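Presented below is the structure to which this report refers.
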Amino acid sequence: MAATDLERFSNEEKRSLSLGGHVGFDSLPDQLVSKSVTQGFSFNILCVGETGIGKSTLMNTLFNTTFETEEASHYESAVRLRPRTYDLQESNVHLKLTIVDAVGFGDQINKDESYRPIVEYIDTQFENYLQEELKIRRSLFNYHDTRIHVCLYFITPTGHSLKSLDLVTMKKLDSKVNIIPIIAKADTISKSELHKFKIKIMSELVSNGVQIYQFPTDDEAVAEINSVMNAHLPFAVVGSTEEVKVGNKLVRARQYPWGVVQVENESHCDFVKLREMLIRVNMEDLREQTHTRHYELYRRCKLEEMGFKDTDPDNQPFSLQETYETKRKEFLGELQRKEEEMRQMFVNKVKETEAELKEKERELHEKFEHLKRIHQEEKRKVEEKRRELEEEMNMFNRRKVAVETLQSQSLQATSQQPLKKDKDKKNFFSLPSAYSITTGRYVN
Ligand code: GTP
Ligand code: MG
């Protein structure tokens with residue numbers, strides 16, 4: 001088909017035709033429902049709130065069951081994420097529910113990094129899903145999707161305002177997950193205070209640019225109830241698994257000396273509104289938003305980071321093959337550059353070592369020359385001394401000979417002239433009798 005024919009064909013208006021009888025594709029929605037029911041659903045809730053704020057109690061109350069609970073200690077050195085998965089069944093619908101607790105949240109003295117493990121956990125679940133999508137053999141059909149569909153953010157019922165930890169954490173999470181803020185233990189705050197508290201929280205969220213999940217109003221069937229509920233945010237909830245007799249009915253409530261707070265009584269708290277919005281009306285929208293908004297954002301950033309683009313600089317579609325080739329070339333270039341860098345580093349190191357060795361050799365040589373000079377000087381001095389000594393010895397020998405000659409002459413004369421004896425004796429004894437090496441002189 002020529003290009004112009006193709007264009008004409010695609011631009012042609014679609015014509016509506018009526019069917020002559022029942023064909024059967026009106027069963028498509030039923031087929032879809034049936035398939036989904038067989039497949040089962042997964043829903044993952046992240047509970048963020050300080051230790052003991054009532055997270056586990058609320059989960060038990062919401063799903064009308066008793067999940068495993070383990071009291072967290074207040075001495076965790078950092079926030080840690082603890083996921084627990086349960087298989088629930090209602091009628092013939094199977095729900096794989098994962099509840100993730102941010103254990104130790106708000107317990108550290110320095111809370112600067114409290115949000116980080118939560119963000120990392122959410123990103124890891126996105127990353128796992130992306131890796132599965134990028135596999136050659138994907139099995140998304142039976143993949144256990146652990147991406148967080150909703151974050152219930154438990155606000156402490158102080159009646160004042162949000163803490164900076166709440167604002168920072170919600171701000172860090174709002175582009176990654178659907179946040180539903182709830183005021184926990186709402187039975188501990190009076191009705192008028194609660195009203196003011198809600199207004200304060202919403203205005204603080206708006207002024208700090210924190211995007212919370214808005215119940216969708218584009219589907220006519222739920223638009224009205226959702227827009228009414230949006231105005232009730234944040235929900236003020238009370239949790240209890242205790243059953244109390246009110247009239248002749250057993251209801252879940254918290255009993256106090258002055259009265260009973262009924263969890264499912266809408267004039268007591270917003271628990272019913274939360275359950276309605278979270279489970280009965282918007283569970284599918286939360287799942288969808290997670291996939292189409294939050295996961296999409298993560299996927300787009302990740303692929304862009306890896307160098308993938310939709311269009312090239314000329315606005316032409318970018319092919320995966322081209323991107324791969326460009327990336328490969330970039331990678332090889334980088335590898336070569338690194339290799340060259342390493343080689344240069346090695347050469348420099350060898351040169352440095354060589355220079356050091358040369359310097360050491362020169363120093364040794366200088367030392368040797370110096371010692372040699374000292375040695376020669378010493379040798380010269382010793383030589384001189386030896387010469388002096390020899391001269392002294394010669395002199396001594398000469399004098400000795402002279403003395404001996406004199407002695408023999410005087411002996412001869414004595415034998416001839418006995419009177420001269422005393423005088424010669426005196427001369428004989430005045431001759432030097434020893435030579436001192438230390439002073440270099442003859443001593444008597
Ligand atoms: P950790 O998992 O240890 O962080 O605690 P948690 O947030 O799961 O709190 P948990 O549900 O264990 O409740 C802690 C205490 O608060 C229990 O004594 C609950 O009975 C009580 N509690 C729970 N919900 C409410 C509530 O809505 N109002 C009041 N007044 N107390 C509540
Ligand atoms: Mg708990």
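In this text the structure is predicted, and so the values were computed from the model without any measurement.
Between Lys171 and Asn208, the closest side-chain pair of non-hydrogen atoms is not below 4.5 Å. Counting heavy atoms from C-beta on, the side chains of Arg252 and Glu242 never come closer than 4.5 Å. Using a 4.5 Å heavy-atom threshold, the side chains of Leu205 and Met170 count as touching. At least one side-chain heavy atom of Met202 sits less than 4.5 Å from a side-chain heavy atom of Pro234. Inter-residue side-chain proximity for Ile99 and Cys47 is flagged as met; some heavy-atom pair is nearer than 4.5 Å. Looking at Gln39 and His94, their side chains never come closer than 4.5 Å, going by heavy atoms from C-beta outward. Two residues are said to be in side-chain contact when any heavy atoms from C-beta on lie closer than 4.5 Å; Tyr115 and Leu173 fail this criterion. Counting heavy atoms from C-beta on, the side chains of Val261 and Cys269 never come closer than 4.5 Å.
Scored by the ring-ring contact (aromatic ring centres under 6.0 Å, His included) test, Tyr298 finds Phe126 as partners (sequence neighbours excluded). Listed by chain and number, the residues in a side-chain hydrogen bond (donor to acceptor under 3.5 Å, both in side chains) with Glu288 amount to none (sequence neighbours excluded). Listed by chain and number, the residues in a side-chain hydrogen bond (donor to acceptor under 3.5 Å, both in side chains) with Glu330 are Lys327 (sequence neighbours excluded). For Tyr86, the ring-ring contact (aromatic ring centres under 6.0 Å, His included) partners are Phe67, not counting sequence neighbours. Residues meeting the side-chain hydrogen bond (donor to acceptor under 3.5 Å, both in side chains) test with Thr146, sequence neighbours left out: Gln125. When the ring-ring contact (aromatic ring centres under 6.0 Å, His included) test is applied to His74, no partner is found at least two apart in sequence or on another chain.
Within a 6.0 Å sphere centred on CD of Gln131, other residues, nucleotides and ligands contribute more than 12 heavy atoms. Counting heavy-atom neighbours within 6.0 Å of Glu363 CD, excluding the residue itself, gives a total above 12. Taking a 6.0 Å sphere around OH of Tyr256, one finds it holds more than 12 heavy atoms contributed by other residues, nucleotides or ligands. Atom CD of Gln336 is surrounded by 12 or fewer heavy atoms from other residues, nucleotides or ligands within 6.0 Å.
Not one N or O on the side chain of Thr57 forms a donor-acceptor pair closer than 3.5 Å with the backbone of Gly239. For the pair Asn44 (side chain) and Ile148 (backbone), a donor-acceptor distance under 3.5 Å is absent. The closest donor-acceptor contact from the side chain of Glu76 to the backbone of Phe105 lies at 3.5 Å or more, if one exists at all. Here the side chain of Glu193 pairs no donor or acceptor atom with the backbone of Gly159 at under 3.5 angstrom. The backbone N or O of Val238 sits nowhere less than 3.5 Å from a side-chain atom of Lys185 that would complete a donor-acceptor pair. Using modelled atom types, no side-chain atom of Thr169 and backbone atom of Asp166 make a donor-acceptor pair closer than 3.5 Å.
Among residue pairs with one or both ends in residues 125-145, those qualifying as salt bridge (charged side-chain N to carboxylate O under 4.0 Å, His left out) are Glu127-Lys302, Glu132-Lys135, Glu133-Arg299, Asp145-Arg147; sequence neighbours excluded. Among residues at least two apart or in separate chains, salt bridge (charged side-chain N to carboxylate O under 4.0 Å, His left out) pairs with a member in residues 92-111 are Arg82-Asp101. Sorted by first and then second residue, the pairs that involve residues 134-181 and meet ring pair (Phe, Tyr, Trp, His ring centres under 6.0 Å), not counting sequence neighbours, are Phe43-His149, Tyr129-Tyr143. Screening residues 148-163 for salt bridge (charged side-chain N to carboxylate O under 4.0 Å, His left out) gives Glu50-Lys163 as the qualifying pairs, with residues at least two apart or on separate chains. Residue pairs meeting the ring pair (Phe, Tyr, Trp, His ring centres under 6.0 Å) criterion with at least one partner in residues 168-213, sequence neighbours excluded, are Tyr213-Phe215. The salt bridge (charged side-chain N to carboxylate O under 4.0 Å, His left out) pairs that include a residue from residues 366-376 are Arg362-Glu366, where partners are two or more places apart or lie in different chains.
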- Message: Let's go through Arg386 and Glu390 carefully: what are the C-alpha distance in whole Å and the side-chain angles of both, what is the deciding distance for salt bridge (charged side-chain N to carboxylate O under 4.0 Å, His left out) to 0.1 Å, and is it a yes or a no?
- Response: CA-CA 6 Å; Arg386 194 175 63 83; Glu390 267 173 13; 2.8 Å; yes
- Message: For a salt bridge (charged side-chain N to carboxylate O under 4.0 Å, His left out) check, start with the C-alpha distance between Glu392 and Arg387, then their side-chain angles and the critical distance, and finish with the verdict.
- Response: CA-CA 9 Å; Glu392 298 269 353; Arg387 253 196 329 275; over 6 Å; no
- Query: So Val237 and Ile183, side chain to side chain contact (heavy atoms under 4.5 Å, CB included) or not? Walk me through it.
  - Reply: CA-CA 6 Å; Val237 296; Ile183 300 169; over 6 Å; no
- Message: Test salt bridge (charged side-chain N to carboxylate O under 4.0 Å, His left out) on Glu383 and Lys379; report intermediate values, then the result.
- Response: CA-CA 6 Å; Glu383 205 52 41; Lys379 201 172 151 191; over 6 Å; no
- Task: Would you please test His294 and Asn178 for side chain to side chain donor-acceptor pair (under 3.5 Å) and show each step?
- Result: CA-CA 8 Å; His294 302 301; Asn178 300 310; 3.0 Å; yes
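Cation-pi geometry between Lys273 and Phe235 is not met: the NZ or CZ atom fails to fall both under 6.0 Å from the ring centre and inside 45° of the normal.
Taking CG of Leu152 as the reference point, atom CG of Leu58 lies at 7.0 Å (rounded to 0.5 Å). Asp285 CG to Thr290 OG1: the interatomic distance, rounded to the nearest 0.5 Å, is 9.0 Å. To the nearest 0.5 Å, atom CZ of residue Arg337 and atom CG of residue Leu332 are 13.5 Å apart. Atom CD1 of Ile279 sits about 7.5 Å away from atom CG of Leu274, to the nearest 0.5 Å. For the atom pair CG of Asp187 and NE2 of His268, the computed distance is 11.0 Å after rounding to the nearest 0.5 Å. The CE atom of Met277 sits 11.5 Å away from atom CG of Asp270, with the distance rounded to the nearest 0.5 Å.
Nearest heavy-atom pair, Pro157 versus Ile189, reported as atom, atom and distance to 0.1 Å: O-CD1, 4.3 Å.
For the side-chain contact (heavy atoms from CB on, under 4.5 Å) criterion with Val150, the lone passing option out of Ile179, Leu286, Leu46 is Leu286. Each of His375, Lys381, Arg380 was evaluated against Glu377; a single residue qualifies, Arg380, per the side-chain hydrogen bond (donor to acceptor under 3.5 Å, both in side chains) test.
Salt bridge annotation for Lys329-Glu325: absent, with no cationic side-chain nitrogen under 4.0 angstrom from a carboxylate oxygen.
Donor-acceptor pairing under 3.5 Å is recorded for the side chains of Thr85 and Thr98.
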